[in-house]
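Numbers restart at 1 for each chain; the letters A, B, ... are given by sequence-line order, proteins then strands.
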Amino acid sequence: MTQIPAQTELPPQYDPASTEAALYKEWLDAGLFTADPAKSRRAGGDKDTFVIVMPPPNVTAVLHMGHGLNNTVQDVVTRWRRMCGDEALWVPGTDHAGIATQNVVEKQLAGEGKTRFDLGRDAFVARTTEFVTETGGTILEQLKAIGSSCDWTRTAYTLSPELSKAVREAFVQLHERGLIYRGHRVIHWCSRCLTSLSDEEAEHSDETGALYHVSYPLTDGTGSITIATTRPETMLADVAVAVHPDDERYKHLIGKTLTLPIANAEIPIIADAEGVDPTFGTGAVKITPAHDANDFEMGTRHKLPMPVILSPEGNMANGADAGSRVPAELLGIDRFEARERVVQMLKHLNALVKIDAHTHAVRHCYRCDTVVEPRLSDQWFVKMKPLAEPALQAVRDRKIRILPERWEAVYINWLEGIRDWNISRQLWWGHRIPVWYCDGCGEVTVSRDDIAKCPKCGGPARQDEDVLDTWFSSWLWPFSTLGWPDRNSIDLKAFYPTDDLVTAPEILFFWVARMIMGGFAFMGEAPFHTVYLHGTVRDMKHVKMSKSLGNGIDPLDVIALYGTDALRYTVIAGLGLGADVMLDPNDLEKSFSPGRNFLTKLWNIGRFLLTNVGGETVQPVETISPDKLRRADRWILNRLNEAIAECDAALGPARPRGGVWTESELYRGLRLSEYTETARRFVWNELADWYLESTKSRIAAGGDDSAVARAVLAHCFDGALRLLQPIVPFITETLWRRLPIATEGRGNFIAVAPWPTRNSNFTAEPEFDLAREAINSIRQLRADYSLPPGDRIHAHLDTSSSTNANGDTSVFADEGDFITRLTRCDIDSASGSAGEAGATILLSTGSRIIVPLAGVIDLDKECRKTKGELEKLETQLSALEGRLSNPGFTDRAPANVVAAERQKLTEWTARREQLTQKVVSLCGS
RNA sequence: GGGCGAGUAGCUCAGUUGGUUAGAGCGCCUGCCUUACACGCAGGAUGUCGGGGGUUCGAGUCCCUCCUCGCUCACCA
């Protein structure tokens with residue numbers, strides 16, 4: 001055998017920096033991540049597909065830990081399926097992110113002292129496009145740095161010509177089906193972004209405000225009504241006061257009128273049972289239809305006027321129907337400033353009764369956190385109820401599952417109460433609404449293609465000024481990225497529906513639920529069968545990591561310091577199902593050194609292997625004659641089997657058989673931390689700690705047995721590397737290509753090598769476990785008595801009470817070298833006596849190892865220790881005896897449980913006997 | 001306010017249909033530079049399983065109740 005000096009091959013330390021970028025390029029050059037639709041069963045091929053569409057990051061985004069986590073999860077799953085033989089496709093892309101991107105560019109302009117209105121619409125859009133073209137690819141390049149195995153030939157962008165076509169198609173189709181309409185109603189308005197928002201984009205947060213009680217005098221001078229409001233400035237737009245029709249306090253006043261202070265308008269007192277809760281505040285509600293959604297409904301019911309008293313920017317103004325309700329001194333004043341002024345004015349008028357502290361939910365813009373204002377306006381809406389039905393049914397029918405399970409209830413709850421979706425945004429950056437108006441004949445045209453003339457009268461057509469909600473393009477993502485609306489697209493045929501959707505719970509409603517609705521609406525089929533909602537990256541105080549809070553970690557810093565694999569390992573190992581990942585931004589070493597250390601361990605196993613096994617290809621374990629395999633070999637091969645089974649169970653099943661999840665598989669799989677821990681345990685605690693150690697003396701001895709040990713070691717390391725490839729692709733690729741194992745059918749890259757499978761020839765190996773047990777006990781003994789490491793000890797094996805005396809003897813004869821090497825303890829099979837002063841190790845087979853330690857150990861100490869042990873055992877034994885003499889237990893408990901308890905009783909009784917003898921010999925009484 | 005979830009070792013979490021003496025990783029303590037690895041090896045300590053009640057032969061596990069956190073929804077002006 002030619003020994004290649006491995007030291008020259010593997011440097012003492014793994015160096016990610018010099019490895020990763022080059023490897024990634026090799027993968028790309030080999031086309032490993034490019035999916036072939038022709039191979040899909042759905043397109044006539046012979047492979048299952050596995051498809052994930054990436055939640056598109058904002059085109060202006062820069063990689064943060066959240067992206068790192070999200071994309072690593074997707075990559076791990078995709079790489080796993082790719083090894084399992086699926087035609088795997090991970091579609092990458094970016095989102096034009098309407099409001100977010102427009103805000104970024106507007107901020108740039110502000111730096112130049114300009115606004116978007118100075119540029120005008122066309123120039124602004126051109127400028128934004130340019131900005132996106134120049135800097136938009138950043139995040140995608142960064143995703144490559146974390147090893148993402150995306151199919152970059154299919155990179156998509158929500159504002160690309162192809163996807164824009166899909167957006168128009170979707171809008172027109174929904175309109176044709178009567179599911180899109182123009183509505184005049186109160187919507188959420190962000191006075192900073194100058195656009196309307198959907199319900200989901202206006203986020204609640206509790207705030208301590210004030211409840212102002214204001215007295216409105218009756219016009220006939222016979223008294224007054226006190227109303228309560230949190231937004232006194234809106235009183236200027238009041239058109240009525242409503243009371244409950246059965247409220248005795250106000251019943252007699254219904255139909256009378258009040259004089260609105262400051263505005264000096266005369267408003268009626270009306271009765272409304274639906275909109276008024278007589279127990280809240282004073283039981284009398286001011287009605288402000290243009291600036292409150294609830295009041296809008298009451299206003300509509302009672303056909304009241306709807307004056308607007310706020311400008312789009314949120315300043316006081318006499319808008320539509322307002323006449324001169326807003327007095328001159330308040331015009332142009334900011335709404336919050338105006339609130340103070342109105343309160344002062346009411347005080348002067350003696351109309352302010354009192355101010356109570358009041359906590360209530362206030363809605364904020366999800367992009368800029370400005371308090372949103374309810375505002376009456378015209379917007380386009382999607383009718384959601386009909387779309388929600390199949391989306392609800394799919395989850396109820398288990399065609400789609402949501403992990404963790406608890407989110408399903410949240411999803412169902414939301415869909416059941418779904419309200420129409422406002423899709424108009426008064427922005428410039430986005431897909432312009434494909435609706436044209438004719439100012440001549442009033443015709444409204446919805447069209448797939450741009451039109452210049454009114455199709456009815458031929459007059460000039462004017463396109464709607466607004467753009468669509470960013471999420472209106474996002475909800476088409478699973479099929480628009482695959483070629484829809486072109487029904488003949490081979491990608492669409494081969495890869496839709498996709499498989500898993502991996503994202504954070506924050507966008508369950510914004511995106512996930514709508515994608516499911518969109519999938520049914522436009523494709524007639526659910527877009528995926530699994531929604532995996534992962535946790536959030538947080539700091540040690542459980543605060544979500546964010547750049548603005550300054551508690552972020554830059555993934556690229558981590559990569560520079562610890563390598564990509566350490567980053568990936570850390571987030572995946574920390575990711576329990578649905579659990580958050582905690583990292584310390586102030587102590588990267590604490591967060592990432594365990595990952596780095598594990599990689600070092602892998603590296604060193606590789607170094608040992610290459611040094612000791614050499615470069616010559618080893619014999620495949622399948623072809624080794626079974627009688628040549630020793631206990632340790634069979635043991636580790638079985639442990640590998642178990643590790644594979646546990647990894648499979650943690651990860652799968654990958655998809656529902658027959659399209660519907662069975663009860664037993666519904667919430668299984670995608671336990672990434674369990675998978676990682678299993679692989680780690682196998683590599684470190686089994687392969688390295690035990691098997692590799694056990695091979696040292698065999699390999700040194702040379703000969704046939706040495707070759708067997710080398711073969712098994714290489715085989716198991718190969719299996720371990722394959723199990724780990726999805727998590728740590730770079731280091732596994734680096735080590736794997738140097739393994740001296742047969743190349744046939746192996747491929748050139750571990751990234752596309754077959755996922756390991758179990759070999760049922762290798763079953764549990766209890767006799768090797770007995771050797772491990774002895775080693776552990778002797779080690780403990782050495783530590784207990786502080787025996788110097790250099791001191792060899794001699795012990796006897798007493799098999800007199802053993803259940804398999806010959807078996808035990810043979811284990812200790814065969815594994816003697818191994819045991820001695822790890823413990824510096826020689827064991828011969830001369831029978832000793834249990835009473836001998838020293839230590840007795842009881843093995844699980846009943847045999848004892850007697851270690852005479854006279855002159856070495858402290859007899860008093862050992863005596864006390866043994867007495868303590870005996871005492872503890874007595875307590876537990878009496879509890880056990882009590883249980884077994886209780887007919888309630890023996891009659892009702894399952895037979896196997898009772899049997900186990902009886903077995904235990906036997907063992908413990910024997911142990912008690914042994915300890916008693918030992919106490920006698922040690923303590924002398 | 002509605003709905004949901006969580007409270008197990010200093011920290012992060014496992015604990016399958018109730019059934020051995022409740023586990024893991026990290027951290028901590030002790031001893032070791034043992035020829036792959038000190039980014040390592042070996043050993044050790046630590047829990048009235050949030051409180052209280054109940055069902056049961058038996059409860060971390062099931063039921064009730066209280067407390068504390070978290071998520072999510074919501075037009076109480």
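Nucleotide C37(B): unpaired (no Watson-Crick or G-U wobble partner with both distances less than 3.5 Å). When both pairing distances are held under 3.5 Å, A42(B) makes a Watson-Crick or G-U pair with U30(B). Base pairing of C4(B): its partner is G70(B), meeting the Watson-Crick or G-U wobble criterion (both donor-acceptor distances under 3.5 Å). Base pairing of A77(B): no nucleotide in any strand meets the Watson-Crick or G-U wobble criterion (both distances under 3.5 Å). Base pairing annotation: C57(B) forms a Watson-Crick or G-U wobble pair with G19(B), both donor-acceptor distances under 3.5 Å.
The minimum heavy-atom distance linking Ile793(A) with Arg782(A) is given by the pair CG1-NH1, 3.8 Å.
One finds no side-chain N or O of Lys541(A) lying less than 4.0 angstrom from the OP1 or OP2 phosphate oxygen of C69(B). Proximity of Trp684(A) to the phosphate of C41(B): a side-chain N or O atom is located under 4.0 Å from OP1 or OP2.
Looking at residues two or more places apart in sequence or on another chain, you find a ring pair (Phe, Tyr, Trp, His ring centres under 6.0 Å) between Phe818(A) and Phe768(A).
Side chain Trp908(A) to base U21(B): a donor-acceptor pair is found below 3.5 Å. Interface remark: the Arg596(A) side chain does form a donor-acceptor pair with the C39(B) base, using a distance-only criterion of under 3.5 Å. A donor N or O paired with an acceptor N or O is found under 3.5 Å between the base of A36(B) and the side-chain atoms of Glu693(A). Checked by distance alone, Glu297(A) brings no side-chain donor or acceptor within 3.5 Å of a matching partner on the base of C75(B).
Judged by closest nucleotide on RNA chain B, Lys590(A) is the one of Lys590(A) and Asn294(A) placed further toward the 5' end. When each of Thr230(A) and Ala409(A) is assigned the nucleotide of RNA chain B with its nearest heavy atom, Ala409(A) is the one assigned upstream, toward the 5' end.
Nucleic acid contact class of Asp272(A) (heavy atoms, under 4.0 Å, all strands): none. In this structure, Ala573(A) reaches neither bases nor backbone, as no heavy-atom distance under 4.0 Å exists between it and the strands shown.
Residue Asn776(A) contributes atom CG, which lies 10 Å from atom C1' of A42(B) at whole-angstrom precision.
Checked for salt-bridge contact, Arg339(A) and Glu233(A) meet the test: a charged N lies under 4.0 Å from a carboxylate O. Salt bridge present: Asp272(A) and Arg301(A) bring a charged side-chain N and a carboxylate O closer than 4.0 Å. Contact check on Arg680(A) versus Glu686(A) returns no salt bridge, with no Lys/Arg side-chain nitrogen under 4.0 Å from an Asp/Glu carboxylate oxygen.
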